[in-house]
Amino acid sequence: MREKREEEALNGNLTAMIDVVFQLIIFFVCTVNMQDKAIDDRIKLAMAPNGAVSNVKDPYEVKIDVSDTGAISVSRTILPASMLTTILTKARADAKRSGREVPVLIRADARVKHEAVKKVMDACTAAGIWKIKFTALKEKA
Amino acid sequence: MARKRRRSSFTAGELNLTAMIDVAFQLLSFFLISAHPVDVLTNLDVFRPQPDVISAPPPVPPKIIRVTVFADGFTINDRAVDSRGLLKFLSQLADLDKTQTVLIQCLNESPHGKLIELLDVCAKLKLTNLSVVSSGGA
C-alpha cells in the first residue's frame with residue numbers, strides 16, 4: 001500500500017516536468033531558422049551600426065552573395081555575371097506581370113574590391129533594376 | 001509463508017512514459033546545443049542612376065554632394081577627407097538640406113567596406129537620396 005502511494009506520487013510529479021520539456025521543445029522548434037542554411041556564412045559583412053533593421057522578409061527578394069575573392073553566387077550557386085543578368089531579367093519580367101518590383105539584396109564581403117560588386121550592380125542595371133540594397137552587420141552576435 | 005504477489009506498476013492499457021521522456025530530453029538537448037545567437041543585419045538602400053526620361057530640365061538644378069570612395073579614403077566635392085572628416089563634413093552638409101542627392105562614385109580598387117562605411121554615415125545623418133555610380137581604376 002505504501003509502495004503504491006510512493007509510485008503514484010512519483011508518476012504525478014513527472015507530469016508537470018514532461019509538460020515543461022515539451023514546451024521548451026516547441027519553443028526551439030519554432031525559433032529554429034532553416035533559411036540560414038542558404039546563407040554563405042564565409043562572407044564577412046562590413047559593420048553599419050546606424051542602418052535600420054528590416055524585419056519584413058520579402059519572399060521575392062533576390063539575395064546575391066559576393067565573396068572576398070569576387071565570386072558571385074545566389075543560394076551558394078556560383079554564377080557568371082552574364083547568367084546573373086539573364087536571371088534578373090527573367091525575375092523582373094515575371095514580377096512585372098504581377099505588378100511588383102524585384103528587390104535585390106547584395107551581400108558582399110567587406111574585403112572584396114568594388115570591381116566585383118560593380119559587376120553585380122551592372123547586371124542589375126542591365127536587367128532594369130534600379131533599386132539595390134546592401135546588407136551589413138548592425139550588431140554582431 | 002506465501003509471498004504477496006507484487007502488482008505490476010503498469011497494468012495493460014497504460015503507457016510507459018520512460019522512453020518518451022528520454023526522447024524528449026534528447027530533442028531538447030539537440031536544440032539547446034544547436035541554437036546560436038544570430039547577427040542583427042541591416043539593409044542600406046541605394047539607387048542606380050536611371051536613363052534620363054525626356055523632360056524639361058528642372059528650373060533649379062538639384063543639389064548634389066559628390067563623394068568619391070578610394071582604397072584609402074574619401075573625397076567630398078573633390079576635398080580629401082578621412083573617416084572622421086567624412087562624418088564631420090557630411091553632417092555639415094546634411095544640416096543644410098537632408099534631401100540633397102549624394103552621388104557616390106566608387107573606384108574599382110576600393111574595398112566594399114569603405115562603401116558600407118559611407119552608407120552607414122549617410123544613414124546616421126538621414127541622407128536618404130543616395131545614388132551609386134562606378135568608375136574605373138584610380
Problem set entry | Residue part contacting chain B, namely of A:P49, when any heavy atom lies under 4.5 Å | both
Problem set entry | Least distance between heavy atoms, B:A123 atom then A:G51 atom | CB-CA, 4.3 Å
Problem set entry | Gap between atom CG of A:N50 and atom CG of B:L44 - 0.5 Å precision | 9.5 Å
Problem set entry | Segment of A:I18 engaging chain B (4.5 angstrom heavy-atom cut-off) | side chain
Problem set entry | Heavy-atom pair count under 4.5 Å with chain B, highest-scoring of A:A110, A:C124, A:P103 | A:A110
Exercise. Is there a chain of hydrophobic side chains (I, L, V, M, F, W, Y, each step under 4.5 Å between heavy atoms) that links B:F70 to B:I76?
Worked result: no
Problem set entry | Within 6.0 Å of NZ in A:K138, more than 12 heavy atoms from elsewhere | yes
Problem set entry | Qualifying ring pair (Phe, Tyr, Trp, His ring centres under 6.0 Å) pairs with a residue from residues 94-121 of chain B, counting only residues at least two apart or across chains | A:F134-B:H112
For this session: Pick one of side chain, backbone, both or neither for B:L125, based on which atoms fall under 4.5 Å of a heavy atom in chain A.
Result: neither
Exercise. How close do B:P111 and A:R111 get, heavy atom to heavy atom, and via which atoms?
Worked result: CB-O, 4.5 Å
Problem set entry | Proximity breakdown for A:L45 and chain B, heavy-atom pairs closer than 4.5 Å | side chain
Seminar exercise, completed: Taken in chain and number order and not counting sequence neighbours, the residues that satisfy side-chain contact (heavy atoms from CB on, under 4.5 Å) with B:A35 are A:F28
Exercise. Would you say B:L87 and B:V81 are hydrophobically clustered, going by side-chain heavy atoms of ILVMFWY under 4.5 Å?
Worked result: yes
Problem set entry | Contacting region of A:D122 [heavy-atom separation from chain B under 4.5 Å] | both
Exercise. Which region of B:L28, side chain (C-beta onward) or backbone (N, CA, C, O), has a non-hydrogen atom less than 4.5 Å from a non-hydrogen atom of chain A, or is it both or neither?
Worked result: both
For this session: Please indicate whether B:I21 has more than 12 foreign heavy atoms, meaning atoms of other residues, nucleotides or ligands, lying under 6.0 Å from its CD1.
Result: yes
For this session: Tabulate, in ascending numerical order, the residues of residues 88-96 of chain B having at least one heavy atom closer than 4.5 Å to a heavy atom of chain A, or enter 'none'.
Result: none
For this session: Say whether B:I33 and B:F25 are linked into one hydrophobic cluster, either directly or through other cluster members, by side-chain heavy-atom distances under 4.5 angstrom.
Result: no
Problem set entry | Taking every non-hydrogen atom, the tightest pair across A:V21 and B:A24 | CG1-CB, 3.6 Å
For this session: Any chance you could measure A:M47, atom CE, to B:I116, atom CD1, to the nearest 0.5 Å?
Result: 11.5 Å
Problem set entry | Nearest heavy atoms of A:A46 and B:G113, plus distance in Å | CB-CA, 4.0 Å
Problem set entry | Proximity breakdown for A:T135 and chain B, heavy-atom pairs closer than 4.5 Å | both
For this session: Identify which of A:K44, A:K133, A:M17 forms the greatest number of heavy-atom pairs closer than 4.5 Å to chain B.
Result: A:K133
Problem set entry | Point-to-point distance, once rounded to the nearest 0.5 Å, from OG1 of B:T42 to CG of A:L137 | 9.5 Å
For this session: Any pair with a residue in residues 65-110 of chain A that passes ring pair (Phe, Tyr, Trp, His ring centres under 6.0 Å), sequence neighbours left out, goes on the list, sorted by first then second residue, please.
Result: none
Exercise. Relative to chain B, which of A:V66, A:I132, A:L24 shows the most heavy atom pairs under 4.5 Å?
Worked result: A:I132
Exercise. To the nearest 0.5 Å, how far apart are CG in B:L27 and CD1 in A:I25?
Worked result: 5.0 Å
Problem set entry | Between CG on residue B:N43 and CZ on residue A:R107, distance to nearest 0.5 Å | 10.5 Å
For this session: May I ask you to check whether over 12 heavy atoms, not counting those of A:E101, lie within 6.0 Å of atom CD?
Result: no
Exercise. Measuring heavy-atom distances to chain B, does A:V112 have an atom under 4.5 Å in its side chain, in its backbone, in both, or in neither?
Worked result: both
Problem set entry | Co-membership, hydrophobic cluster, residues B:V46 and A:V53, 4.5 Å side-chain | no
Exercise. Between A:M121 and B:V132, is any pair of side-chain heavy atoms under 4.5 Å apart?
Worked result: yes
Problem set entry | Heavy-atom closest contact (B:N108 atom, A:K113 atom, distance) | O-CB, 3.5 Å
Problem set entry | Nearest-0.5 Å distance, CG of residue B:L107 to CD of residue A:E115 | 11.0 Å
Exercise. Under 4.5 Å between side-chain heavy atoms, hopping through other hydrophobics if needed: is there a path connecting A:I43 to A:V62?
Worked result: no
